[in-house]
Number of protein chains: 2
Amino acid sequence: MNIGEAAAASGVSAKMIRYYEQIGLIPAARRTGSGYRVYADADVHTLRFIHRARNLGFPVNRMRELLALWQDRNRASANVKAVALAHIDELERKIRELETMRETLRHLAHNCHGDQRPDCPILADLAADEYADARQRPPVVVARD
Amino acid sequence: MNIGEAAAASGVSAKMIRYYEQIGLIPAARRTGSGYRVYADADVHTLRFIHRARNLGFPVNRMRELLALWQDRNRASANVKAVALAHIDELERKIRELETMRETLRHLAHNCHGDQRPDCPILADLAADEYADARQRPPVVVARD
DNA sequence: ATTGACCTTCCTATGATTGGAAGGTTTATT
DNA sequence: AATAAACCTTCCAATCATAGGAAGGTCAAT
């Protein structure tokens with residue numbers, strides 16, 4: 001199987017397969033006499049694993065752990081679970097961050113007439129001189145950043 | 001005011017102020033005889049506006065619109081609201097994406113013993129051969145792709 | 001033999017930000 | 001006045017994962 005076929009079979013683009021090889025996430029592929037990379041079913045299997053983990057948002061460095069665990073037949077499932085839970089925490093952190101932004105904006109947009117007049121609480125809030133920013137930060141005295 | 005003071009007063013780092021100038025988000029600052037950038041209160045005001053919009057996740061290109069609207073005294077608030085709502089949609093799209101990942105992982109982690117045994121549904125799912133095609137997933141797992 | 005679809009490597013860009021190096025300026029202290 | 005520190009300047013590089021393209025080699029079918 002050459003790289004294009006492996007890409008189609010795994011869902012990982014040829015570009016990314018070369019990249020993963022380059023950064024050492026996967027071992028260097030065997031080559032034909034003319035330099036073409038050659039892949040076997042087992043390699044495609046690994047690439048599919050990578051593709052799915054990426055789809056779940058695992059960063060490449062966490063996937064190194066994941067791949068090592070996957071290939072270790074004596075792993076403890078507790079270790080795998082720990083990686084998954086750490087990633088869930090990371091996802092939740094990002095979700096909360098985005099939700100905070102969304103709520104602030106929703107609130108501002110809700111109070112905006114949305115008509116032909118220039119009057120706009122959204123801009124007023126972004127431009128406010130004294131910005132309590134109570135929606136995103138605890139009301140600690142000064143320090144806005 | 002030099003760039004360091006403007007940075008401290010606005011919350012935007014000196015590095016980023018130079019960058020925003022370079023990409024044309026803000027006009028090139030006036031310079032002293034020796035080449036130092038000089039900022040006035042109005043500039044800091046603009047930088048604070050930018051800082052707050054960035055904190056709400058507005059990408060730099062959307063902030064160009066936002067700044068133009070802010071500086072246009074004849075704007076229609078409807079236009080501002082449209083930018084905000086478009087950004088809210090974008091935030092929601094990302095939130096849903098992350099939530100989908102989280103739910104899939106939560107489910108997998110929930111079914112994982114997390115003990116010393118190697119048996120692990122998380123790895124089993126990531127490695128599964130039978131649903132290489134993302135559209136034919138078993139009902140056990142939440143959408144992924 | 002030619003064409004087209006592959007493959008190879010290398011370079012570039014993305015977006016927003018941070019880091020650093022090398023060198024000039026300003027301010028404060030001796 | 002000399003010196004040191006804390007600034008400032010530009011330029012270059014790195015991040016992370018991915019995509020695009022150029023220049024050139026290879027393979028399969030016409």
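Only this structure's heavy atoms are used, side chains among them; waters, hydrogens and symmetry mates stay out. Below, chain A is the first sequence line, B the second, and so on; all start at residue 1.
Closest to the side chain of A:Ser13, out of C:dT18, D:dA19, D:dA17, is D:dA19. Distances from the side chain of A:Asn2 to the nucleotides D:dC7, C:dC7, D:dC11 place C:dC7 closest. The side chain of A:Ile3 approaches C:dC7 more closely than any other nucleotide in the set D:dC7, C:dA16, C:dC7.
Looking only at atom types and distance, the side chain of A:Arg52 has no donor-acceptor partner in the side chain of A:Asn55 under 3.5 Å away.
Between the CD1 atom of A:Ile17 and the C1' atom of C:dT8 there is a distance of 14 Å, rounded to whole Å. The distance from atom OH of A:Tyr19 to atom P of C:dA13 is 18 Å, rounded to the nearest whole Å. D:dC8 atom C1' lies 18 Å from atom CE of B:Met16, rounded to whole Å. One interatomic measurement links the two molecules: CZ of A:Arg18 to C1' of C:dC7, which rounds to 7 Å at whole-angstrom precision.
Taking a 4.0 Å limit (strictly below) on heavy-atom distances, residues 21-38 of chain B reaches DNA chain C at B:Ser34, B:Tyr36.
With respect to A:Ile50, the side-chain contact (heavy atoms from CB on, under 4.5 Å) criterion is satisfied by exactly one of A:Leu66, A:Val60, A:Leu25: A:Leu25.
Across the helix from C:dA1-D:dT30 to C:dT30-D:dA1, the helix axis at one end is tilted relative to the axis at the other end by 30° (nearest 10 degrees, each axis from five pairs).
In this pair, A:His45 and A:Trp70 present their aromatic rings perpendicular. The plane angle is above 60°, beyond the 30 to 60° band.
Following chains of ILVMFWY side-chain contacts shorter than 4.5 Å, one cannot reach A:Val12 starting from A:Tyr36, and the two form parts of different hydrophobic clusters.
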Practice task
In sequence, state the C-alpha distance, the side-chain angles, and the governing distance for A:Leu47 and A:His51, and then conclude on side-chain contact (heavy atoms from CB on, under 4.5 Å).
Solution key: CA-CA 6 Å; A:Leu47 287 169; A:His51 187 219; over 6 Å; no

